[in-house]
Amino acid sequence: MLLLTQMLIALLFTLLITHYLKLQWLRRRYPPGPTPLPIIGNLWTLKFILHPDTLMQLAKTYGNIFTVWLGNQPVVVLNGCQTVREGLISHSEELSGRPTTPSIEELSKGKGVVFSSGHNWKQQRRFGVTVLRNLGLGKKSLEVRIQEEAQSLVEFFAMQRGKSLDPTHPIVLSVTNVICSVVFGHRFSRDDKEIHQLIEANELVVNNLGTKWALLYNTFPWLMRHLPGPHNNIFKGNALVEEFVKKEIKSHKENGVSAEPQDLIDFYQAKISQDSQDVTSTFDEHNMIRLVAELFGGGTEPTTTTLRWAILYLVNQPEIQDKVQKELSTVFGESQVIHYEDRKRVPYTNAVIHEVLRISSIASIGMIRQTTKNMSLQGFNIEKGSLIIANIYSSQYDPDHWETPKQFNPGHFLDMEGNFIQKEAFLPFSAGHRVCLGETLARIELFIFFTSLLRAFTFRLPEGVKHVNMDVILGATIQPHPFRMCAVPR
């Protein structure tokens, strides 16, 4: 028995040494990085989570292009403004692929836009862009809907009469109703149980993607599929969202295809009928479900989280809040309706919104990509099929491009005369072929919601509260901790 145990230990040791040597041999094909260990790769070094700050620290040792190993899987990391922009923009086509990781396969099965690649991705994205434009993106019709939802939020806060509350759910309901009008063709009341359930299901996905549990699932799927844990909430939430979408699609079918499509589902059903004889078409019900679910999630979470961060920063720096309010009052008075085009008239307010997007950097490292062909980047040859992480956060915190990268400073977006200026390191919606599909919608929402709230209220901490928690929670996006505030009518 003792001899058998010794033989098993010797065999295990030999396998580990062999695997370690194999990893060292494979490393030569990739940019440098921390030494991977057998089985776990660099997970220990990464503290079992892909935190953008950790990746920035590794870049100081290994350079702005380096490799980390997630178990046996090498991932090339792009860090810093110059490297990230060169990768995402100059090599946009090469970095347009999406890998088939275990979680991605489970979520989408290659359908939709966010997680798909190749022909399917190109057709679905092109369709999504066209439909958003047809439904009024950039036109006053959609802007009016956003203004109505912003006013609904103002009225809700006004009813609280300055009492302490967590703003998360009031904000998410108003933002959700904007995207619901786009994809479903209708909005929901604040006391509708169904919309609350849908939001909770979406939060299960968002709050658990990007965590160490999701990383462990992708690294060791053969094990994690059989274990309980928060990673299972990703798939539970996704299934609930898809079930809701299926109900909406069924309702649309029962009402028949509209001669004049009113929402995304109407347009998609018409497209399925139109392309029914096209063998190259990817338009089917599975893709429709994924596209609608992705637009719902993407149109809800990022804007909600950014507005929450905006309130936190304004509460923390009341002098900036006061300066925004004075500019809005001077330019618009008390009753003038504010349009997205008006952002050019309020450079300081516009700068504050951009600084919220920069410093919160909720996209973090973005979605993992896969090279579609061999490419060369800053002297490194990267093979087709390689996994790539573009650390967007590192561009938005790059000390070579921001005077005070870790401080909330609207001056980052203002010149000496107080005029608004664009910055090339500002990449909150990513860049290149995979730039956020709903970027324009998000920008319009943020401006109208932000200005509507700041014209109506001054945001303060509840009585007796002296400090706010500015630490982050890392999921699919970078979120603030729950907090309470008072919206005091002006």
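Every value quoted in this text rests on a predicted model; they were computed, and no experiment measured them.
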Any donor-acceptor pair under 3.5 Å linking the side chain of S117 with the backbone of R98? yes

Honestly, is R443 close enough over F447, meaning NZ or CZ under 6.0 Å from the six-membered ring centre and within 45° of the axis? no

Could you grab the distance from atom CZ of F449 to atom CD1 of I353, nearest 0.5 Å is fine? 12.5 Å

Atom pairs and distances, side-chain donor-acceptor, residues 43-66, under 3.5 Å, sequence neighbours left out:
from	atom 1	to	atom 2	distance (Å)
H51	ND1	D53	N	3.1
D53	OD1	Y393	OH	3.4
N64	OD1	N79	ND2	3.2

F127 side, atom CZ; L437 side, atom CG - distance, nearest 0.5 Å: 11.0 Å

For the pair D415 (side chain) and I421 (backbone), establish whether a donor and an acceptor sit closer than 3.5 Å, ignoring hydrogens and angles. no

Evaluate the side-chain contact (heavy atoms from CB on, under 4.5 Å) criterion for residues F283 and D278: first the C-alpha distance (whole Å), next the side-chain angles of each, then the deciding distance (0.1 Å), finally the verdict. CA-CA 10 Å; F283 294 95; D278 184 355; over 6 Å; no

Results of ring pair (Phe, Tyr, Trp, His ring centres under 6.0 Å) for F267 - residues two or more places apart only: none

Out of curiosity, N218 CG to I368 CD1, how far, rounded to the nearest 0.5 Å? 8.0 Å

Value for OG1 (T176) from CD1 (I199), rounded to nearest 0.5 Å, stands at 4.0 Å

Counting only heavy atoms not in H286, do more than 12 sit closer than 6.0 Å to its NE2 atom? no

Is a side-chain donor or acceptor of E149 paired with a backbone partner of V175 at a separation under 3.5 angstrom? no

Go through V84 and D398 one step at a time and tell me if the side-chain contact (heavy atoms from CB on, under 4.5 Å) criterion holds. CA-CA 11 Å; V84 170; D398 192 327; over 6 Å; no

Between Y268 and Q124, a side-chain donor and acceptor under 3.5 Å: yes

Just checking, is any N or O donor in the side chain of Q73 or T219 under 3.5 Å from an acceptor N or O on the other one? no

One pair to check against side-chain hydrogen bond (donor to acceptor under 3.5 Å, both in side chains): N120 and N287. What are the steps and the verdict? CA-CA 9 Å; N120 188 91; N287 260 315; 2.8 Å; yes

Heavy atoms only: give me the nearest L173-I195 pair and the separation to one decimal. CD2-CG2, 3.9 Å

For a 4.5 angstrom cut-off between non-hydrogen side-chain atoms, does D263 reach V131? no

With the side chain counted from C-beta on, respond yes when H231 and N208 share a heavy-atom pair under 4.5 Å apart, and no when they do not. no

Using modelled atom types only, decide if a donor and an acceptor are shared between the side chain of T305 and the backbone of E301 within a distance under 3.5 Å. yes

Is the shortest heavy-atom distance from the side chain of I265 to the side chain of E248 under 4.5 Å? yes

Minimum heavy-atom separation for L153 to S174, with atom names? CB-OG, 3.5 Å

More than 12 heavy atoms of other residues, nucleotides or ligands under 6.0 Å from CD of E439: yes or no? yes

Looking at W121, is R434 sitting on its ring face, NZ or CZ under 6.0 Å from the six-membered ring centre and within 45 degrees of the normal? yes

Are the side chain of T477 and the backbone N or O of Q479 linked by a donor-acceptor pair below 3.5 Å? no

Using a distance-only test with no angle check, is there a side-chain donor-acceptor pair under 3.5 angstrom linking H119 and T280? no

When the ring planes of F188 and F244 are compared, do they come out parallel, tilted or perpendicular, using 30° and 60° as the limits? tilted

Taking S394 for the side chain and N391 for the main chain, is one N or O donor matched with an acceptor at less than 3.5 Å? yes

Let's go through L387 and V76 carefully: what are the C-alpha distance in whole Å and the side-chain angles of both, what is the deciding distance for side-chain contact (heavy atoms from CB on, under 4.5 Å) to 0.1 Å, and is it a yes or a no? CA-CA 6 Å; L387 302 193; V76 178; over 6 Å; no

Please check if any side-chain donor atom of S281 sits under 3.5 Å from a side-chain acceptor atom of Q123, or the reverse. no

K423 atom NZ, over 12 foreign heavy atoms within 6.0 Å: yes

Can you tell me how far CZ of R290 sits from CG of L295, rounded to the nearest 0.5 angstrom? 10.5 Å

Quick one: does S430's side chain get under 4.5 Å of I392's, heavy atoms only? yes

With a 4.5 Å limit on heavy-atom distance, are the side chains of E355 and N409 in contact? yes

Tell me if the aromatic rings of H401 and F426 count as close, with their centers under 6.0 Å from one another. no

Which atoms form the tightest heavy-atom contact between T371 and E383, and what is the distance? OG1-O, 2.7 Å

Ring centre gap for F459 and Y313 strictly below 6.0 Å: no

Considering all heavy atoms of both residues, which atom of P405 and which atom of P399 are nearest to each other, and what is their separation? CG-CA, 4.2 Å

Side chains of R484 and S164: any donor to acceptor distance under 3.5 Å? yes

Donor-acceptor pair, side chain of N42 and main chain of P34, under 3.5 angstrom: yes

With a 3.5 Å distance limit and no angle check, can you tell me whether N207 reaches the backbone of E203 through a side-chain donor-acceptor pair? yes

So does K247 pair up with E194, basic N to acidic O under 4.0 Å? yes

Testing the basics here: between A390 and L88, what is the closest heavy-atom pair and its distance to 0.1 Å? CB-CD2, 3.8 Å

Do the numbers put R358 on top of the ring of Y397, so that NZ or CZ is under 6.0 Å from the six-membered ring centre and no more than 45° off the axis? yes

Does a donor on one side chain and an acceptor on the other come within less than 3.5 Å for T349 and R343? no

Heavy-atom pair with the smallest gap, counting every atom of Q269 and H252: OE1-CB, 3.8 Å

May I ask you to decide if the ring planes of W402 and F413 are parallel, tilted or perpendicular, using 30° and 60° as cut-offs? tilted

Under 3.5 Å: donor-acceptor pair, side chain of N374, backbone of K384: yes

Note, V472 side chain near W309 side chain (heavy atom, < 4.5 Å): yes

Would you say that L198 contacts F296 through its side chain, given a criterion of any heavy-atom pair below 4.5 Å between the two side chains? yes

Closer than 3.5 angstrom, by distance alone: can the side chain of E94 be matched with the main-chain N or O of M375 as a donor-acceptor pair? no

Pairwise side-chain contact, F483 with M470, heavy-atom cut-off 4.5 Å (strictly under): no

Value for NE2 (H91) from CZ (R369), rounded to nearest 0.5 Å, stands at 13.0 Å

Give a yes or no on this: more than 12 heavy atoms of other residues, nucleotides or ligands lie within 6.0 Å of atom NE2 of H169. no

Take L446 and T306, measure what side-chain contact (heavy atoms from CB on, under 4.5 Å) needs, and give me the verdict at the end. CA-CA 8 Å; L446 286 172; T306 303; 3.7 Å; yes

Steps toward salt bridge (Lys or Arg N to Asp or Glu O under 4.0 Å) verdict (E105, K109): CA-CA 5 Å; E105 177 61 24; K109 297 178 174 57; 6.0 Å; no

